[in-house]
Amino acid sequence: MGLFSSVSYFICDVGIISWDVLLTLLNLVRRNRRIGHVTPDGHPGYGGHWPEFRPPKKTDSRCACPALNALANHGIISRTGRGISFVEINDHICATYNFSSSFCYTPHYAARMLKRNYGKDTFNLDEVDIHNGIEHDASLLCLDSAFEPNQSKRHVPFIEELLAAATGKDKDGNDVITTKDFSRMLSKRRAVSRAVNKEFSLSFIHRIFGSTNASTLITIFGGRVDDLRSFLLEERIPDGWESRVRQPYGMTIINIHKTLLRVEFGVREKDWAEVARNAAEGHST
């Protein structure tokens, strides 16, 4: 990476952080979006009316992220998952899930990772699954890449276990996965993965990625098991769904950190030491 690129990235990062602070403050003084009007008028999904869901074909490109795959499965971006503009997917992530424009840094990060021009180039969804780029070990949804190189393939037992771990209820009596539930399941995944995967790695930034992913399921989906079941298992946006985040400028980086820190600080790998040992013994036989 050249000096010019390093300086450009630094300026970009400072700009994103500054913009996030401003949007967070604006969220405090503006009214929340009305229920039923969280998805912008004119965008696919307005009023809970999502485009037709079609499972991907064998030739289609998909990745480890269910949020991106769902956009393709509903035709919000190319159904093939190929030739996608970084700028286009950024706009659709914000509108579909009500993330703030500052929070939608993933396409920027992906463009850097792939060494492509954010404003001009395109990518295929599977290209973002470079191991230890955005994709990482100890995912709640997938086997480690050492065991399953195709990270778009969901490990159904992990997802079913996560959904079954819900201990909370919302005001309507729906089953909800809480921050403590996510911390508990992340603890187990990290402990077991560390024990059975000889190539295991999980840097600080990938710990944060993992906790951020969990936090978005708590905030954007409210942790509701019924909605998460179709989203995680089928990568389908439920009929009538809209983001639970109603802030006018969307979920900001500052806002998500309130949940992220509770999730990450609640992780206790040592609580699963015996389970990890048993898994390692079973894996070696």
Heavy-atom closest pair (Ser145 atom, His131 atom, distance to 0.1 Å) is OG-ND1, 3.2 Å
Enumerate, atom names and distances included, each donor-acceptor pair closer than 3.5 Å involving a side-chain atom of residues 16-26, sequence neighbours excluded.
unit_1	atom_1	unit_2	atom_2	d
Ser18	OG	Val14	O	2.9
Trp19	NE1	Ser101	OG	2.7
Asp20	OD1	Ser102	OG	2.6
Asp20	OD1	Ile253	N	2.7
Asp20	OD2	Ile253	N	3.3
Asp20	OD2	Ile254	N	3.0
Thr24	OG1	Asp20	O	2.8
Thr24	OG1	Thr252	OG1	2.9

May I ask you to decide whether Asp175 forms a salt bridge with Arg224, counting only side-chain N to carboxylate O separations under 4.0 Å? no
For this session: Is it possible for you to say whether Ile134 and Leu141 belong to one hydrophobic cluster, with membership spreading through side-chain heavy-atom contacts below 4.5 Å?
Result: yes
Separation between CD1 (Ile77) and CG (Leu71), nearest 0.5 Å, reads 5.0 Å
Interatomic distance, OG1@Thr259 vs CZ@Phe182, rounded to 0.5 Å, equals 10.5 Å
Nearest heavy-atom approach of Gln151 to Asp129 is CB-OD2, 3.6 Å
Check: Is any side-chain heavy atom of Pro107 closer than 4.5 Å to a side-chain heavy atom of Ile89?
Finding: yes
Determine whether Ile76 and Trp50 make a side-chain contact, defined as any pair of heavy atoms from C-beta on separated by less than 4.5 Å.
-> yes
Rounding to 0.5 Å, atoms CG (Asn132) and CG (Asp137) come to a distance of 6.0 Å
Closest non-hydrogen atoms of Ser187 and Gly266, given as atom of the first, atom of the second and distance, are OG-O, 4.2 Å
What one should report as the nearest heavy-atom pair of Leu125 and Ser61 is N-OG, 3.3 Å
Between the CZ atom in Phe231 and the CG atom in Asn69, the distance rounded to the nearest 0.5 Å is 8.5 Å
Evaluate the criterion side-chain contact (heavy atoms from CB on, under 4.5 Å) for residue pair Ser183 and Val263; output intermediate values, then yes/no. CA-CA 5 Å; Ser183 294; Val263 171; 4.0 Å; yes
Item to check | Test item: side-chain donor near acceptor, Asn117 and Asp121, under 3.5 Å | outcome: no
**Prompt:** Tell me, do Leu202 and Phe209 make a side-chain contact under 4.5 Å, heavy atoms counted?
**Reply:** no
Under the criterion ring-ring contact (aromatic ring centres under 6.0 Å, His included), I'd like the reasoning laid out for His43 against Tyr46: C-alpha separation, chi angles, the key distance, then a yes or no. CA-CA 6 Å; His43 184 271; Tyr46 174 70; 9.9 Å; no
(Q) Can you confirm whether Lys180 sits close enough to Thr167 that some side-chain heavy atom of one is under 4.5 Å from a side-chain heavy atom of the other? (A) no
Check: Are Ile93 and Met113 grouped together when hydrophobic residues (ILVMFWY) are joined by side-chain heavy atoms under 4.5 angstrom apart?
Finding: yes
Sorted by chain and residue number, the salt bridge (Lys or Arg N to Asp or Glu O under 4.0 Å) partners of Glu235 (sequence neighbours excluded) come out as Arg154
side-chain contact (heavy atoms from CB on, under 4.5 Å), that's the test. Do Val87 and Tyr118 meet it? Break it down for me. CA-CA 7 Å; Val87 175; Tyr118 172 81; 3.7 Å; yes
Practice item. Please answer whether the main-chain N or O of Asn213 pairs with a side-chain N or O of Thr216 as donor and acceptor at a distance below 3.5 Å. Key: yes
On a heavy-atom basis, the closest approach of Leu186 and Ala214 is CD1-CB, 4.4 Å
Check: Any sub-3.5 Å donor-acceptor pair from Ser152's side-chain atoms to Ala64's backbone N or O?
Finding: no
Okay, side chain of Ser85, backbone of Thr122: is any donor-acceptor separation there less than 3.5 Å? no
Next item on the list: Answer yes if Phe158 and Leu140 sit in the same cluster of Ile, Leu, Val, Met, Phe, Trp and Tyr residues linked by side chain heavy atoms under 4.5 Å apart, and no otherwise.
Entry: no
With Asn98 as partner, the option from Gln247, Arg33, Arg246 fulfilling side chain to side chain donor-acceptor pair (under 3.5 Å) is Arg33
Between Val38 and Glu242 the two heavy atoms that sit nearest each other are N-OE1, 3.2 Å
### Query
How about Phe147: does its CZ atom have over 12 heavy atoms from other parts shown lying under 6.0 Å from it?
yes
| request: Indicate yes or no for a side-chain donor-acceptor contact from Asn278 to the backbone of Val275 under 3.5 Å, with no hydrogens or angles considered. | output: no
Are Phe200 and Ile130 co-members of a hydrophobic cluster defined by side-chain heavy atoms under 4.5 Å apart?
no
Arg82 and Asp126: side-chain contact (heavy atoms from CB on, under 4.5 Å), yes or no, with the steps?
CA-CA 9 Å; Arg82 301 182 184 280; Asp126 63 283; 4.3 Å; yes
Interatomic distance, OG1@Thr212 vs CG@Leu217, rounded to 0.5 Å, equals 11.0 Å
(message) A quick test of your reading: do over 12 heavy atoms of other residues, nucleotides or ligands sit less than 6.0 Å from CG of Leu28?
(response) yes
Test salt bridge (charged side-chain N to carboxylate O under 4.0 Å, His left out), reference Glu269, set Arg207, Arg184, Lys188, output is Arg207
Does a side-chain heavy-atom distance below 4.5 Å link Asn27 with Pro248?
yes
Does a donor on one side chain sit under 3.5 Å from an acceptor on the other, for Asp144 and Ser193?
yes
Verdict with supporting geometry, Ile177 and Met185, side-chain contact (heavy atoms from CB on, under 4.5 Å)
CA-CA 10 Å; Ile177 309 175; Met185 296 313 300; over 6 Å; no
Checklist entry - Side-chain contact, heavy-atom cut-off 4.5 Å: Val225 with Asn174? => result no
Rounded to the nearest 0.5 angstrom, the OG1-CD1 distance for Thr179 and Ile218 is 5.5 Å
- Message: Would you say Leu261 ends up clustered with Val245 if hydrophobic residues are merged whenever their side chains have heavy atoms under 4.5 Å apart, either directly or through other cluster members?
- Response: no
Result for side chain to side chain donor-acceptor pair (under 3.5 Å) between Asn73 and one of Arg79, Arg236, Glu52, Arg62 points to Arg62
Between Arg189 (side chain only) and Ser139 (backbone N and O only), is there a donor and an acceptor less than 3.5 Å apart?
yes
Test item: Leu114 and Phe86 side chains (from C-beta on) under 4.5 Å apart, heavy atoms: yes
| query | In terms of heavy-atom contacts, does CG of Asp172 have more than 12 from other residues, nucleotides or ligands at under 6.0 Å? | reply | yes
request  = Please tell me if the side chains of Asn255 and Thr219 come closer than 4.5 Å, counting only heavy atoms from C-beta onward.
outcome  = no
Worked verdict on Tyr97 versus Phe103 for ring-ring contact (aromatic ring centres under 6.0 Å, His included) | CA-CA 11 Å; Tyr97 302 109; Phe103 188 97; over 10 Å; no
